[in-house]
Amino acid sequence: MSETSMTTPAATTLVTSPEISIVIPVYNESANLPLLFERLTAVADKMGRRVEIVFTDDGSKDNSLAILKTFVEKRPDLIRVVEFDRNYGQHMAVMAGFETARGEIIVTLDADLQNPPEEIPKLIAEMDAGHDVVGSYRRDRQDSVFRTLPSRLVNLVRERITGIKMRDQGCMLRAYRRNIVRIIVESGETSTFIPALAQFYAERPAEVEVEHAARHAGTSNYNLYKLIRLNFDLMTGFSLVPLQLFTMVGMGVSGASLLLVVYMLLRRIFIGPEVEGIFTLFAILFFLLGVVITGLGIVGEYVGRIYQQVRARARFRIRTIHEKT
Ligand code: UDP
Ligand code: MG
């Protein structure tokens, strides 16, 4: 096939050696996919570059996969669909898209139209200017305060703990150069946070401001539990500070306890044994118990991740890739 065939709707096979790959994770997005398809293909066609779009169906329970397959039929020149055998989560869906994508520039995007596809050329322009990772931050974030407030807090803690500078970690509209994507794929990490990993490897990062819309249809796939898990991945995946902090707190508490023991000993010698104040002691004890349990939890977070990694089980299983080659 000829290199220009991607712009003519008549093309029936996939573009060869694309310049730009757009990677989109999809989980139960059937209500959003038709509009996404319209807007995304319009943007892709207008760019006048060799583009491919890689959707990963992350084990959707609705008919997302069936819809995605019709996209392959409609635009075989543009669209490829990775089919997972079950749900592995957003970041693994993106990871599979990365493995499959062939472009020199790889753009990620959410399927729910919170990231307007029309902003993609803005990212590409920055990439063309020589950056290797282009992140984005949302101009006017369209989420409830229950999402924005915690996320602002987490952004702050994350920057302190991991030292990774990112204005808006939650915005997935990002572009990466091929070499960055290759390092990410080869890292073999299972519980990871792709934008942070990219930021970590980036040599010339940039950030642009993008529009943000409310979810087109449906509700967020992230509940509080999943959100907390994701942020644990981020904190422990990029830093040992939680462990070190805990050790320091432990040392501080031990020092203070030692002083208390010395004081009690002297008191016993000079004033005599005391029986009162027992509940104060309990209170202190319960507090320390809380500290110990937290510490066990933190250690557990790391041990669990080590265990996952050591088992070296496949990060995800691709059932098939739907494409017209
Ligand atoms: N997603 C996914 N697998 C999951 C959860 C989400 O592939 O297990 C996709 C989802 O289809 C969407 C993106 O990841 O394209 C972001 O998810 P969502 O909009 O639910 O998250 P939020 O925008 O609320 O952070
Ligand atoms: Mg969303």
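Ligands are counted one by one from 1 in listed order, and the atoms in each one are counted from 1 as well.
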Undergrad: In the protein, which heavy atom is nearest to atom 25 (O) of ligand 1, and how far is it?
TA: Arg147 NH2, 3.3 Å

Undergrad: Does Asn221 put an N, O or S atom under 2.8 Å from the Mg ion (ligand 2)?
TA: no

Undergrad: Report, in ascending order of atom number, the atoms of ligand 1 lying under 4.0 Å from any heavy atom of Val26.
TA: 7 (O), 11 (O)

Undergrad: Should Glu301 and Arg229 count as an ion pair when the cut-off is N to O under 4.0 Å?
TA: yes

Undergrad: Give a yes or no on whether a salt bridge exists between Arg215 and Glu29, defined as a side-chain N under 4.0 angstrom from a carboxylate O.
TA: yes

Undergrad: I'd like to know whether the aromatic ring centres of Tyr176 and Phe98 sit less than 6.0 Å apart in this structure.
TA: yes

Undergrad: Could you tell me whether Pro25 and ligand 1 have an N or O pair separated by under 3.5 Å?
TA: yes

Undergrad: Can you tell me which residue and heavy atom of the protein come closest to atom 13 (C) of ligand 1, and the distance to 0.1 Å?
TA: Asp110 OD1, 3.4 Å

Undergrad: Heavy atoms only: which of Gln90, Glu29, Lys226 lies closest to atom 14 (O) of ligand 1?
TA: Gln90

Undergrad: Does Arg215 reach ligand 1, in the sense of a heavy atom lying below 4.0 Å from it?
TA: yes

Undergrad: Should the pair Arg317-Asp85 be classified as a salt bridge under the 4.0 Å nitrogen-to-oxygen rule?
TA: yes

Undergrad: Scan side-chain atoms only and decide if Asn155 and Arg152 contain a donor-acceptor pair under the 3.5 Å cut-off.
TA: no

Undergrad: Is Arg311 positioned over the aromatic face of Tyr307, cation under 6.0 angstrom from the ring centre and no more than 45 degrees off axis?
TA: yes

Undergrad: Would the distance check show the side chain of Ser60 and the main-chain N or O of Asp62 forming a donor-acceptor pair, the cut-off being under 3.5 Å?
TA: no

Undergrad: Under 4.0 Å from ligand 1, counting heavy atoms only, is it the side chain of Asp58, its backbone, both or neither?
TA: side chain

Undergrad: So that I can tick it off, tell me whether Glu104 and Arg178 are bridged by a salt bridge, with the cut-off set at under 4.0 angstrom between side-chain N and carboxylate O.
TA: no

Undergrad: Any idea which atoms of ligand 1 are less than 4.0 Å away from a heavy-atom of Asn87?
TA: 3 (N), 4 (C), 8 (O)

Undergrad: Can Asn32 and Asp112 be counted as having a side-chain donor-acceptor contact under 3.5 angstrom?
TA: no

Undergrad: Any chance the side chains of Thr236 and Arg305 put a donor and an acceptor closer than 3.5 Å?
TA: yes

Undergrad: Out of all atoms in ligand 1, which are within 4.0 Å of some heavy atom of Asp112? Include the element for each.
TA: 19 (O), 23 (O)

Undergrad: Can you find an N/O atom of Thr219 closer than 3.5 Å to an N/O atom of ligand 1?
TA: no

Undergrad: Can you classify the ring geometry of Phe71 versus Phe55 as parallel (below 30°), tilted (30 to 60°) or perpendicular (above 60°)?
TA: tilted

Undergrad: In Asp112, which N, O or S atom comes closest to the Mg ion (ligand 2)?
TA: OD2

Undergrad: Give the residue and atom name of whichever protein heavy atom lies nearest to atom 22 (P) of ligand 1, and the separation in Å to one decimal.
TA: Ser220 OG, 3.8 Å

Undergrad: What residue and atom, counting heavy atoms only, is the protein's closest point to atom 6 (C) of ligand 1, and at what distance?
TA: Asn221 ND2, 3.6 Å

Undergrad: Considering only heavy atoms of Tyr222, which atoms of ligand 1 have at least one such atom less than 4.0 Å away?
TA: 21 (O), 25 (O)

Undergrad: For ligand 1, does Gln114 get within less than 4.0 Å through its side chain, its backbone, both, or neither, judged by non-hydrogen atoms?
TA: side chain

Undergrad: Among protein heavy atoms, which sits nearest to atom 1 (N) of ligand 1, and what does the distance come to when rounded to 0.1 Å?
TA: Tyr27 CB, 3.7 Å

